[in-house]
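In this chain, residues are counted from 1 in sequence order. We count ligands from 1, going down the list as the structure has it; atoms in each ligand are counted the same way. What you see is a predicted model, and the numbers here were worked out from it, not measured in a lab.
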Amino acid sequence: MAINYLNLQTEYQSRFGGEPRLFRAPGRVNLIGEHTDYNDGFVLPMAIEYATIVAAAVREDRKIRVCSVNLGEEGEINLDAPEQKFRGSWLDFVEGVARILERRNVKLRGADLLISSDVPTGAGLSSSAALEISVGLALTEISNQSIDKVQLALVGQAAEHEFVGAKIGIMDQFVSALGRKGHALLIDCRKLQAEQVPFATDDAAIAICNTNIKHELAASEYNTRRAECEQGVEILQKFLPGITHLRDVSVADFEKYKNHLPEIIRKRCRHVVTENKRTLDAAEALRKNDFEEFGRLMWLSHMSLRDDYEVSCRELDLLVKIASECAGVLGARMTGGGFGGSTVNLVRREKLEDFTEKVSIKYFRQTQIATDVYVSNPAGGASEIIF
Ligand code: ADP
Ligand code: MG
């Protein structure tokens with residue numbers, strides 16, 4: 001569902017009056033590098049063509065009036081009143097971004113904001129980062145302030161930590177802020193450095209399939225995995241005293257010392273150590289336009305997440321299996337934290353329609369659940385929309 005800018009402007013005028021400026025920030029899909037972020041490792045996401053648009057203009061007071069077209073809800077934040085956190089609603093994201101900007105010396109003016117998004121929520125495409133980054137950019141720019149994109153990403157992350165209560169990594173906000181059209185973004189989660197990696201999608205396209213399922217396990221298992229990785233580091237430190245995170249452990253080191261790890265911890269560590277390597281190898285494959293190799297790494301990533309990290313589920317495995325049976329699919333894997341959410345697929349362009357049809361039919365037949373398929377080229381990061 002592409003957003004109609006004219007409708008958005010018209011709606012803005014009838015609701016708030018005045019001439020808004022428009023800002024956008026994209027959702028994202030992680031191509032490879034799963035559960036590596038909190039191990040100080042590497043991730044390789046790309047921004048997608050689905051985005052959140054914010055129509056914005058200043059007010060004379062220090063209130064932020066905000067309306068979400070998607071939810072049909074509105075709210076108000078007074079920047080001169082005490083902070084409010086953990087409401088458990090989307091206003092936490094908006095208030096969080098505004099407050100953290102101000103704490104970082106970006107002095108804001110009051111604003112009227114109208115928000116509209118075609119990023120599906122809860123599909124693992126990071127509608128929350130798209131919301132934070134578009135709102136953050138809009139508030140900053142209309143207040144005649146400036147912020148660099150890395151800082152903007154950190155503001156979005158801090159808003160989730162401190163106002164929403166989600167202890168997330170930096171990937172989503174980084175790629176929503178810094179993504180570049182025609183590129184994936186290789187992020188070093190330790191150094192908070194990002195490298196644009198050219199991703200030519202003339203021959204092969206990215207298709208995202210939503211299981212439309214979210215198992216309750218996700219949050220508790222996430223915490224368990226984090227703890228298991230830390231236990232792995234603690235044991236391996238006896239042999240590799242310099243390490244602080246699994247990022248520091250090479251595949252060769254892991255092979256050398258793996259027998260000192262209890263079985264479960266060994267499996268978790270094997271996933272992270274090999275996934276970091278796969279992510280770097282995948283970036284190299286993209287640079288060389290070697291999509292066969294990229295696809296091969298995607299399959300391996302899925303198997304590792306399924307068998308070693310054990311964060312997949314029946315529906316994700318089914319979507320990957322169906323993809324493996326479709327002609328022209330170079331690679332497929334679960335993407336995001338797991339236990340539901342989406343798969344990411346690399347599909348030869350001429351086979352895309354076939355793929356979409358087959359996946360939809362077969363998935364429904366076996367689950368009685370409809371999948372949604374989103375096709376996207378690598379898109380640009382946050383920007384003002386100028387006509
Ligand atoms: P994801 O980021 O994977 O889509 P999250 O649970 O992190 O899932 O974020 C989804 C939440 O973000 C929604 O429940 C809502 O609170 C907020 N959100 C995202 N997009 C919008 C929007 N356009 N309008 C209002 N709230 C939104
Ligand atoms: Mg999110």
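Listed by number with element, the atoms of ligand 1 under 4.0 Å from a non-hydrogen atom of Asn70 are 23 (N). Near Thr121, meaning under 4.0 Å from any of its heavy atoms, are these atoms of ligand 1: 4 (O), 19 (C), 20 (N). Listed by number with element, the atoms of ligand 1 under 4.0 angstrom from any heavy atom of Ser68 are 22 (C), 24 (N), 25 (C). Residue contact check: Gly124 has heavy atoms under 4.0 Å from atoms 3 (O) of ligand 1. Taking every non-hydrogen atom of Leu71 and a distance limit under 4.0 Å, the qualifying atoms of ligand 1 come out as 25 (C), 26 (N). Ligand-side atoms of ligand 1 in range of Ser117: 23 (N), range being under 4.0 angstrom from any heavy atom.
Judged by distance alone, the side chain of Lys149 and the main-chain N or O of Ala382 form a donor-acceptor pair under 3.5 Å. Without hydrogens or angle criteria, Glu325 side chain to Val320 main chain gives no donor-acceptor distance under 3.5 Å. Judged by distance alone, with hydrogens and angles left aside, the side-chain atoms of Arg266 form a donor-acceptor pair with the main-chain N or O of Leu261 at under 3.5 Å. A donor-acceptor distance shorter than 3.5 angstrom exists from the side chain of Tyr12 to the backbone of Ala57, with no hydrogens or angles considered.
Considering backbone and side-chain atoms together, Thr52 places no N or O closer than 3.5 Å to any N or O of ligand 1. Taking only nitrogen or oxygen atoms, main chain and side chain alike, Gly122 reaches within less than 3.5 Å of ligand 1.
Nearest protein heavy-atom contact of atom 7 (O) of ligand 1 is Ser128 OG, 3.1 Å. Ranking the protein heavy atoms by distance from atom 17 (C) of ligand 1 puts Phe93 CE1, 3.7 Å first. For atom 18 (N) of ligand 1, the closest heavy atom belonging to the protein is Leu131 CD2, 3.7 Å. Residue, atom and distance of the protein heavy atom nearest to atom 4 (O) of ligand 1 are Ser127 OG, 2.7 Å. When only non-hydrogen protein atoms are considered, atom 26 (N) of ligand 1 lies nearest to Trp90 CB, 3.2 Å.
The cluster map of Ile, Leu, Val, Met, Phe, Trp and Tyr, joined by side-chain heavy atoms under 4.5 Å apart, puts Val54 and Leu101 in the same cluster.
Under the 6.0 Å cut-off for aromatic ring centres, Phe163 and Phe93 do not qualify, their centroids lying 6.0 Å or more apart. Taking the six-membered ring for Trp, Phe387 and Tyr5 have ring centres closer than 6.0 Å.
The Mg ion (ligand 2) has an N, O or S atom of Ser128 under 2.8 Å away, backbone or side chain.
Below 30°, between 30° and 60°, or above 60°: for His35 and His271 the angle between ring planes is above 60°, a perpendicular geometry.
Under 3.5 Å, the side chains of Thr52 and Arg24 contain no donor-acceptor pair of N or O atoms.
For atom 12 (O) of ligand 1, the nearest protein heavy atom lies under 4.0 Å away.
The number of heavy atoms from other shown groups lying within 6.0 Å of CD (Glu255) is above 12.
The option from Ala129, Ser126, Ser134 that lies nearest to atom 3 (O) of ligand 1, judged by heavy atoms, is Ser126.
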